[in-house]
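Below, chains carry the letters A, B, ... as their sequence lines are ordered, and counting in each starts from 1.
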2 protein chains.
Amino acid sequence: MLAPLDPDMFDPACPSALTPVRVGTKWGAMIVRCLADGPRRFGELRVPLHGITPKVLTSSLRRLERDGYVSRTELAGPVRQVEYALTPLGRSLLDPLDAACAWASAHWDEILDAADAALAREQAVAH
Amino acid sequence: MLAPLDPDMFDPACPSALTPVRVGTKWGAMIVRCLADGPRRFGELRVPLHGITPKVLTSSLRRLERDGYVSRTELAGPVRQVEYALTPLGRSLLDPLDAACAWASAHWDEILDAADAALAREQAVAH
DNA sequence: CGGTATCCCGGGTGATACTG
DNA sequence: CAGTATCACCCGGGATACCG
């Protein structure tokens, strides 16, 4: 059995502007990483992606599927169940993605500082 | 003296949808890589970024500057000259970016195949 | 549970033309 | 040379509500 996803695996203090490395869409890289340990279901994915709306999750998954990173399988059974899994191509993305995440955590402070400075400059211009 | 940028350093057969790894904007990662060997001027950057309009290049550079990846320096002199260079933070991006590029070239065929298949599916739906 | 249907908004992208 | 100005378009993102 697969361990459940950590609801806090992505820092909510990290606005999308601060996650410069993306896969396709804003949520692409996060979704791929959610699937790293094995197939996940729609509802499972919603947990760590704080507050993503179903529509956006669907469209993000559809794009990842279209681009060959993710596969979608409807499981037979009495209750509806859909599993999303990484394709070989999607799995190959984990390495560069890990490199990007390692970079982000190594330079987290500088990234936040730059964002703060940018914000401060914005405020200054407003006055 | 710095060698001029290769006009073909980016494959024009690679639409942005096929370059999933981005830095900020569509052009961000490419610009950062253009600055890898040293400072470059506005006009120099336009060469390898086939057909980027000055407005878009400006806004991309402004964002990279705002986010702390790139510095902008106006050189004194009779003719106007502006140099863009990587900050230490920007230079630190080169490693994960190289990993992403290595991934892209290693899986180029699969990426193109997936794009072709997606296009074919689109056409099929149209009929 | 795993989605759609609607409506809306902002901004990234671009073509074209003009400027100090 | 290194940009601005203007206008336009599209689409990703999001809120809300509803469906099989």
Side-chain angles (χ1 to χ4, degrees), chain A residues 4-5 10 12 14-20 22-31 34-35 39-67 70-85 118 122, chain B residues 4-5 10 12 14-20 22-31 34-35 39-67 70-85 118 122:
Chain A
L5 289 169
F10 301 114
C14 175
S16 74
L18 300 184
T19 55
R22 297 185 170 199
V23 173
T25 65
K26 168 178 175 181
W27 303 95
M30 287 184 262
I31 293 173
C34 285
L35 299 175
R40 299 288 183 180
R41 294 167 55 189
F42 192 86
E44 279 185 282
L45 291 173
R46 298 185 66 173
V47 177
L49 306 173
H50 311 98
I52 190 176
T53 62
K55 180 201 147 191
V56 172
L57 179 53
T58 301
S59 67
S60 302
L61 284 168
R62 291 274 132 72
R63 187 188 326 267
L64 289 173
E65 191 190 357
R66 191 203 63 184
D67 293 344
V70 162
S71 67
R72 178 179 178 279
T73 332
E74 301 206 23
L75 303 178
V79 296
R80 185 145 185 231
Q81 226 167 325
V82 180
E83 256 187 13
Y84 292 94
E122 252 178 56
Chain B
L5 289 169
F10 301 113
C14 175
S16 73
L18 301 184
T19 56
R22 298 183 169 198
V23 174
T25 65
K26 168 178 176 182
W27 303 96
M30 287 184 261
I31 293 173
C34 285
L35 298 175
R40 299 288 183 181
R41 293 168 53 192
F42 192 86
E44 278 184 282
L45 291 173
R46 298 185 66 173
V47 178
L49 307 173
H50 312 98
I52 190 175
T53 62
K55 181 201 148 191
V56 172
L57 179 53
T58 301
S59 66
S60 302
L61 284 168
R62 291 274 133 72
R63 186 187 327 265
L64 290 172
E65 190 189 358
R66 191 203 63 183
D67 294 343
V70 162
S71 67
R72 177 179 179 280
T73 333
E74 302 205 22
L75 304 178
V79 295
R80 184 140 186 233
Q81 227 167 321
V82 180
E83 254 186 14
Y84 293 93
E122 252 179 56

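With rounding to whole Å, Arg41(A) atom CZ is found 7 Å from dC1(C) atom C1'. Spacing between atom CD1 of Ile52(B) and atom P of dG12(C) amounts to 14 Å, rounded to whole angstrom units. The NE2 atom of His50(B) sits 17 Å away from the C1' atom of dG14(C) (whole-angstrom rounding). Summarising the geometry, the separation between CD on Glu83(B) and P on dG3(D) is reported as 12 Å, rounded to the nearest angstrom. For the pair Leu57(A) CG and dT16(D) C1', the interatomic distance rounds to 17 Å; values are reported in whole Å. For Lys26(A) and dG13(D), the NZ to P distance is 7 Å, given to the nearest whole Å. Across the protein-nucleic acid pair, Phe42(A) atom CZ and dG20(D) atom P stand 17 Å apart, rounded to whole Å. If you measure from atom CZ of Arg66(A) to atom P of dC11(D), you get 11 Å, rounded to the nearest angstrom.
With dT4(C), dA2(D), dG14(D) as the choices, the nucleotide that has an atom nearest any side-chain atom of Thr58(A) turns out to be dT4(C). Nearest nucleotide to the side chain of Lys55(A), out of dA5(D), dG14(D), dG3(D): dG14(D). Set against dT6(C), dG12(D), dG3(D), the side chain of Arg63(A) has dG12(D) as its closest nucleotide. Of the candidates dG20(C), dG13(D), dG3(C), dG3(C) carries the atom nearest the Arg80(A) side chain, counting heavy atoms from C-beta on. Candidate nucleotides dG3(D), dG13(D), dT13(C) were compared by shortest atom distance to the side chain of Ser60(A), and dG13(D) ranks first. The side chain of Pro54(B) approaches dA17(C) more closely than any other nucleotide in the set dA2(D), dA17(C), dG13(D). Between dT4(C), dG2(C), dT16(D), one nucleotide has an atom nearer to the side chain of Thr53(A) than all others, and that is dT16(D).
Residues Arg41(A) and Arg80(A) come closest through the heavy atom pair NH2-O, 4.0 Å. Residue Phe42(B) comes nearest to Pro54(B) through the heavy atom pair CZ-O, 3.8 Å, listed as atom of the first residue, atom of the second, then distance.
In terms of phosphate contacts, Tyr84(B) brings no side-chain nitrogen or oxygen within less than 4.0 Å of OP1 or OP2 of dC1(D). Proximity of Arg62(A) to the phosphate of dG12(D): no side-chain N or O atom is located under 4.0 Å from OP1 or OP2.
Within the nucleic acid shown, Arg46(A) has no heavy atom closer than 4.0 Å to any nucleic acid atom. Among the atoms of the strands shown, base atoms are found under 4.0 Å from some heavy atom of Val56(A).
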